[in-house]
Every structure is written in structure tokens, then in C-alpha cells.
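Right, one structure below, let's go through it.
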Protein chains: 2
Amino acid sequence: MARTKTYKSNVKAAIHETAQGLLEAGLIDKHTMRRFDQSCLTPVRKFTADEIRALREREQVSQTVFAMYLNVTKDSVSQWERGDKRPAGPACKLLSIVAEKGLSAIA
Amino acid sequence: MARTKTYKSNVKAAIHETAQGLLEAGLIDKHTMRRFDQSCLTPVRKFTADEIRALREREQVSQTVFAMYLNVTKDSVSQWERGDKRPAGPACKLLSIVAEKGLSAIA
DNA sequence: TTGAAATATAGAACCAGGTTCTACATATTT
DNA sequence: AAATATGTAGAACCTGGTTCTATATTTCAA
């Protein structure tokens, strides 16, 4: 497409270009996202019980300390690692951040 | 207290010194946290509906985009800002990070 | 070695957070 | 004018997150 529009239009174009993939993948809801500042959201992985445990052990912290970083109870971490329960949306986001950037990213 | 113990003991001492405050404040559970690596956890604030809205508007994003960053649905963000529901542990942690470091910190 | 603290498992019960859906109301763009 | 983006509203559902108790093992200090 030709880039001869106003600044806002270019931003909008950039938005759609970067987000359209997510949209088509069904990862985000239908419309929206004007002014989506250029940054690309890191995709949020799903974590198995073992992956969560491996992640925590990689960071060399106990369940209790790990829980403190995530602002969750130690029981929740235990339940995740045992496969008793699975982390929800925000918790998965935090786990993704830790997986990619380490615990210090959410200190 | 005298600092004449081994390295591990000093670490432990540092742990207790930094975490004892939280412990005494009743913010963390009883014992624990050996090897708490020196970093200090940023305290997780509680957010009112208005604060959440102000935070989002400060970042200049729509509810939908804000929700994407937090890995939550746009409805949840709307419910938070209306006071219909309140963000839980992990969600509050993410909000705290955004409040202090901006949206880019969780991109 | 003895005891206290740290760490992790297990299960149960409860509540509210997060999801999904629909419908409606305004802007804002094209 | 038509289409899109944005936000409100409410309801229903489900499970995540909390809290509690109890138990087992390990680690550490006296």
C-alpha cells in the first residue's frame, strides 16, 4: 500500500500490520486497537506443570519465594506444579515474562 | 548483630533483614525464603477502579489493548474500571509493574 | 544428635476473579 | 451515511486463587 496518508493513518496501518496476525490467529478479539504503539507483545505461552516447576528451579527459588514474585500464595504454585490447577490469564503472562526475562524482570 | 559468619549466613541475614519488614507487616507467610536473592520485591499496591482507569489512560491505550498486555479480556478491564470486580493477585502484580515501569515493561 | 525451621505434598471448602455472551450507546473515520 | 473503535451493562458459568489443616522430608543450627 502507498504510504501517503497522515501520521495517524500510518500509525493505524502499522497497528493493523503488526496485530493482524494475532487477529487472524484468533488470539485477540475482533476489532479495536487504534494507537497500538509499535511494540510487539510477547506471545503468552501455556505452561504445563513440569514447565512451571522447571522454570522455578531454573530461577533457583522455593515455591514460597516464587509465589511472592507472582503475588500468589505458595499453595497456588504448589497446585500448578502438581497439575492440580492451571494458572489463569494474568498468571500466565507473568510466567511468560519470567520465562523470557527472568525473575528480575518482575522484581 | 555481628557479621562474622560464612557467606551463606550473610546471605541469610540479608534475606531476613529485607524480608523481615514484610513478614512483620503480615504481608508474607510465616517463615521461608532461604536464598531470596538480594533483589527487593516491589510492593504490590491495591488499585481502585479510578486508579486503574487513570493508569490505562496514562499509557494511552484502549481497554482492549490494555487487556492484551495483561493477558486478560477487555471485559475484565471494563469491570475493574467500573468497580464491578477487582483484580486478583497476579493481575495486581502486573498493574503494579505497569504503574512503576510502564507498559513496555510487560510488552 | 536433637530440635527447630524450611520446603513441599495433599485435600477439602469457599469465594470471587476471569470468561463469555449479548445488547446498547457514542464517538471517530472513511 | 456507513463502518469501525470504544466503552457500558448485566447475566451466567467455571475455575483460579485463597485459606485451612495435616503430614513428610530435608536442611540447618545449637
Side-chain angles (χ1 to χ4, degrees), chain A residues 1 4-13 15-16 19-20 23 26-36 44 46-47 49 52-53 56-57 60-68 70-95, chain B residues 1 4-13 15-16 19-20 23 26-36 44 46-47 49 52-53 56-57 60-68 70-95:
Chain A
M1 70 177 69
T4 55
K5 294 294 187 65
T6 65
Y7 175 63
K8 273 197 175 182
S9 293
N10 283 336
V11 169
K12 189 178 178 183
I15 290 165
H16 283 281
Q20 198 170 10
L23 210 161
L27 294 176
I28 62 178
D29 84 290
K30 308 182 182 180
H31 357 254
T32 309
M33 83 203 56
R34 174 177 311 176
R35 179 141 43 163
F36 186 47
V44 174
K46 293 181 179 177
F47 293 87
I52 295 175
R53 170 159 299 169
R56 176 178 62 83
E57 290 178 342
Q60 307 214 28
V61 292
S62 66
Q63 289 181 344
T64 303
V65 171
F66 197 60
M68 288 175 58
L70 304 175
N71 201 33
V72 166
T73 62
K74 69 171 174 47
D75 297 283
S76 286
V77 173
S78 177
Q79 287 159 1
W80 294 345
E81 294 187 357
R82 280 180 288 146
D84 190 3
K85 292 187 177 178
R86 309 189 60 177
C92 284
K93 175 71 182 191
L94 286 168
L95 289 173
Chain B
M1 66 178 68
T4 56
K5 293 294 187 66
T6 65
Y7 174 63
K8 272 197 174 181
S9 292
N10 282 337
V11 170
K12 189 177 177 183
I15 291 165
H16 284 280
Q20 198 169 11
L23 209 161
L27 294 176
I28 62 178
D29 84 292
K30 309 182 180 180
H31 356 256
T32 310
M33 84 203 57
R34 173 178 312 175
R35 180 142 44 167
F36 186 47
V44 174
K46 292 181 180 178
F47 292 87
I52 295 174
R53 170 158 298 170
R56 177 178 62 83
E57 291 178 343
Q60 308 214 26
V61 291
S62 66
Q63 289 182 344
T64 302
V65 171
F66 197 60
M68 288 175 57
L70 304 174
N71 200 32
V72 166
T73 63
K74 68 169 174 47
D75 299 282
S76 286
V77 173
S78 177
Q79 287 159 3
W80 293 345
E81 294 187 357
R82 279 180 289 146
D84 189 3
K85 292 186 177 179
R86 308 189 60 176
C92 284
K93 175 70 183 191
L94 285 169
L95 290 173

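Hydrogens, waters and symmetry mates are skipped; everything else that's a heavy atom, side chains included, is used.
Checking the phosphate oxygens (OP1, OP2) of C:dT19, a side-chain nitrogen or oxygen of B:Thr73 falls inside 4.0 Å. Side-chain nitrogen and oxygen atoms of B:Arg53 include none within less than 4.0 Å of the OP1 or OP2 phosphate oxygen of D:dT6. Between C:dT7 and A:Arg56, no contact under 4.0 Å exists linking OP1 or OP2 to a side-chain N or O.
Taking atom NZ of B:Lys74 as the reference point, atom C1' of C:dA23 lies 11 Å away to the nearest angstrom. Rounded to an integer number of Å, the gap from NZ of A:Lys93 to P of C:dG18 is 15 Å. Here the P atom of nucleotide C:dG17 and the CG atom of B:Leu70 are 16 Å apart, to the nearest Å. One can place CG of B:Leu94 at 15 Å from C1' of D:dG16, the figure rounded to the nearest angstrom. Rounded to whole Å, the distance from NZ on B:Lys46 to C1' on C:dA16 is 15 Å. The distance from atom CG of A:Asp75 to atom P of D:dC20 is 10 Å, rounded to the nearest whole Å. The distance between atom CG of B:Leu95 and atom C1' of C:dG17, rounded to the nearest whole Å, is 13 Å. Distance, A:Gln63 CD to D:dT18 P: 14 Å, rounded to whole Å.
With values rounded to the nearest 0.5 angstrom, B:Leu70 atom CG is found 11.0 Å from B:Met68 atom CE. Separating the CZ atom in A:Phe66 from the OG atom in A:Ser78 is a distance of 13.0 Å, to the nearest 0.5 Å. In this structure, the separation between CG on A:Leu95 and CD1 on A:Ile52 is 5.5 Å, given to the nearest 0.5 Å.
Remark: side-chain polar atoms of A:Asn71 are not paired, donor with acceptor, to backbone N or O of B:Pro90 under 3.5 angstrom.
Screening residues 78-92 of chain B for salt bridge (Lys or Arg N to Asp or Glu O under 4.0 Å) gives B:Arg53-B:Glu81, B:Arg56-B:Glu81 as the qualifying pairs, with residues at least two apart or on separate chains.
Across residues 76-87 of chain B, B:Ser78, B:Gln79, B:Arg82, B:Lys85 each have a non-hydrogen atom less than 4.0 Å from an atom of DNA chain D (numbered order).
A:Trp80 and A:Ala49 make their closest contact through O-CB, 3.3 Å (heavy atoms, listed as atom of the first residue, atom of the second, distance).
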